[in-house]
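Note that these values count all heavy atoms, side chains included, but never hydrogens, waters or copies made by symmetry.
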Amino acid sequence: MDIDETIGVTFAESHFPEVRKLMYQTINLGFFSPPSVELLKAIIEEKLFESLPLEINREGFQQGLALLRAWFASLDERNLEDRAAQLNEDYNKLFVDPCQLLAPPWESVYRTEERATADLTTLKVREFYGRHGLAYVLKHKEPEDHYSVELEFMAELIRRQSYYLRTGIVKEALYLFKEQQRFLEEHLLKWSLDFTLSVIQNAHTEYFQGMALLAHEFLMWDYDLLTRKGS
């Protein structure tokens with residue numbers, strides 16, 4: 001798929017933000033929670049990784065996609081529950097269990113020498129959310145700079161941008177466009193590579209390895225898109 005053909009004559013006239021929002025929601029499936037049997041069945045039924053709305057020509061993205069397609073191709077009714085249990089165990093070791101936290105999912109860990117959570121970085125992320133009238137509802141249980149929450153925030157900015165494009169409020173849409181670029185620059189891309197590499201190196205399942213590859217490569221691609229269209 002040629003990106004300029006997808007976007008059309010002008011970025012503001014396109015429905016492309018909806019595609020980007022869907023991609024953020026898709027890659028977030030690897031980090032929000034361990035996939036349930038029901039979610040795995042839905043992904044198989046919808047052939048999600050066989051028909052992504054974007055075909056991104058980046059080596060890492062294609063590697064991640066190949067891992068995910070092969071992993072899902074190995075699933076059937078006989079092993080689905082066992083595979084879901086494996087994902088749950090892998091997810092807890094990577095992102096949850098304090099005794100063996102292999103890939104901490106918080107920005108502040110990767111941006112401080114002390115590898116501490118809930119520091120100044122977290123406050124800056126919270127301020128960014130607040131500027132858009134958003135507050136992470138689980139802030140007392142999980143720091144706001146969780147990878148999944150930052151991906152959700154990007155999806156929300158894109159959703160709002162898409163609304164303003166449809167209603168012809170171009171000035172607000174352009175502001176949200178710039179905010180997406182800024183959030184990637186100041187936050188997600190400051191730590192995404194280190195985090196996703198930790199996932200790739202420590203995950204025991206191709207599912208999380210594939211999702212990590214897909215996530216970082218998409219973020220890099222998306223930032224390049226915003227930079228080119230904003231120049």
Side-chain angles (χ1 to χ4, degrees), residues 11-12 15-33 91 94-96 98 101 103-196 198-199 211-212 215-216 218-227 229-231:
F11 191 83
H15 295 293
F16 195 64
E18 292 288 349
V19 177
R20 293 178 53 238
K21 181 188 75 172
L22 178 59
M23 284 298 299
Y24 273 97
Q25 293 171 334
T26 298
I27 64 176
N28 195 25
L29 292 175
F31 310 101
F32 175 70
S33 63
Y91 183 92
L94 287 168
F95 310 129
V96 179
L101 194 61
W106 307 287
E107 178 180 349
S108 49
V109 171
Y110 298 86
R111 298 190 63 188
T112 60
E113 292 184 6
E114 299 81 8
R115 292 179 67 83
T117 59
D119 74 335
L120 181 60
T121 301
T122 312
L123 293 177
K124 288 182 178 179
V125 172
R126 185 182 302 171
E127 289 172 1
F128 212 117
Y129 297 166
R131 186 156 70 241
H132 294 275
L134 296 171
Y136 180 41
V137 295
L138 297 178
K139 64 183 179 182
H140 299 300
K141 298 180 181 179
E142 191 77 71
E144 291 98 322
D145 58 345
H146 191 287
Y147 198 69
S148 176
V149 181
E150 294 194 4
L151 293 176
E152 287 182 22
F153 179 62
M154 281 293 295
E156 175 61 17
L157 291 184
I158 297 167
R159 185 195 68 78
R160 295 182 181 193
Q161 176 199 1
S162 183
Y163 167 78
Y164 286 118
L165 288 174
R166 291 196 308 270
T167 54
I169 308 176
V170 176
K171 182 177 180 181
E172 191 66 26
L174 290 175
Y175 167 67
L176 290 168
F177 174 89
K178 290 294 185 183
E179 286 288 89
Q180 294 163 42
Q181 184 178 8
R182 183 179 172 188
F183 192 72
L184 284 171
E185 285 179 352
E186 297 181 4
H187 294 287
L188 268 169
L189 287 181
K190 291 288 188 183
W191 67 292
S192 177
L193 179 60
D194 290 338
F195 167 65
T196 52
S198 294
V199 177
M211 290 302 294
H216 183 69
F218 171 71
L219 293 182
M220 294 291 291
W221 177 91
D222 196 46
Y223 178 71
D224 182 61
L225 171 74
L226 295 178
T227 302
K229 292 300 171 183
S231 60

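- Taking 4.5 Å as the limit, every side-chain heavy atom of Leu219 sits out of range of all side-chain heavy atoms of Met154.
- Note: Phe218 and Tyr24 have perpendicular aromatic rings, judged against thresholds of 30 and 60 degrees for the angle between ring planes.
- Side-chain contact annotation: Trp106 with Glu150, donor-acceptor N/O pair under 3.5 Å absent.
- Put simply, CZ on Arg126 and CG on Leu134 are 13.5 Å apart, with the number rounded to the nearest 0.5 Å.
- Here the side chain of Thr26 pairs a donor or acceptor atom with the backbone of Leu22 at under 3.5 angstrom.
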Arg159/Glu156 under salt bridge (Lys or Arg N to Asp or Glu O under 4.0 Å): CA gap, chis, key distance, verdict: CA-CA 5 Å; Arg159 185 195 68 78; Glu156 175 61 17; 2.8 Å; yes
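- Contact check for Leu225 versus Phe16: side-chain heavy atoms found under the 4.5 Å cut-off.
- Between Ala173 and Leu165, the shortest heavy-atom distance links the atoms CB-CD2, 3.7 Å.
- From Glu179, atom CD reaches atom OH of Tyr175 across 3.5 Å, with rounding to the nearest 0.5 Å.
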Pair Tyr110, Lys190 - check side chain to side chain contact (heavy atoms under 4.5 Å, CB included), show working. CA-CA 9 Å; Tyr110 298 86; Lys190 291 288 188 183; over 6 Å; no
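- Here the CZ-CG distance, from Arg20 to Leu157, works out to 9.5 Å after rounding to the nearest 0.5 Å.
- The pair Lys124-Glu127 fails the salt-bridge criterion, with no side-chain N (NZ, NE, NH1 or NH2) lying under 4.0 Å from an Asp/Glu carboxylate O.
- Under a 3.5 Å cut-off, the side chain of Tyr91 and the backbone N or O of Phe31 do form a donor-acceptor pair.
- Contact annotation: the side chain of Tyr164 never approaches that of Val170 to less than 4.5 Å [non-hydrogen atoms, C-beta and beyond].
- Expressed to the nearest 0.5 Å, how far CD of Gln180 lies from CG of Leu188 amounts to 11.5 Å.
- With sequence neighbours left out, the ring pair (Phe, Tyr, Trp, His ring centres under 6.0 Å) criterion links Tyr223 to no other residue.
- Rounded to the nearest 0.5 angstrom, Asp222 CG and Leu189 CG are separated by 9.0 Å.
- Put simply, the side chain of Phe32 does not reach to within 4.5 Å of the side chain of Leu151, judged on heavy atoms.
- Counting heavy atoms from C-beta on, the side chains of Arg111 and His187 come closer than 4.5 Å.
- Relative to the six-membered ring of Phe128, Arg131 meets both conditions, a distance below 6.0 Å and an angle of at most 45° to the axis.
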Residues Thr122, Glu107; criterion side chain to side chain contact (heavy atoms under 4.5 Å, CB included); working and verdict: CA-CA 7 Å; Thr122 312; Glu107 178 180 349; over 6 Å; no
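- Taking 4.5 Å as the limit, some side-chain heavy atom of Gln25 sits within range of a side-chain heavy atom of Lys21.
- Considering only heavy atoms from C-beta on, Asp145 stays 4.5 Å or farther from Val109 through its side chain.
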Does the side chain to side chain contact (heavy atoms under 4.5 Å, CB included) test come out yes or no for Val199 and Met211, once each step is laid out? CA-CA 9 Å; Val199 177; Met211 290 302 294; over 6 Å; no
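- Annotation: the span from His216 atom NE2 to Asp194 atom CG amounts to 9.0 Å, rounded to 0.5 Å.
- When all heavy atoms of Ser148 and Asn28 are compared, the pair lying nearest together is OG-OD1, 2.8 Å.
- Residues Tyr147 and Phe95 form no side-chain contact, since every pair of their non-hydrogen atoms from C-beta on lies 4.5 Å or further apart.
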Worked check of side chain to side chain contact (heavy atoms under 4.5 Å, CB included) between Glu172 and Tyr163: CA-CA 10 Å; Glu172 191 66 26; Tyr163 167 78; over 6 Å; no
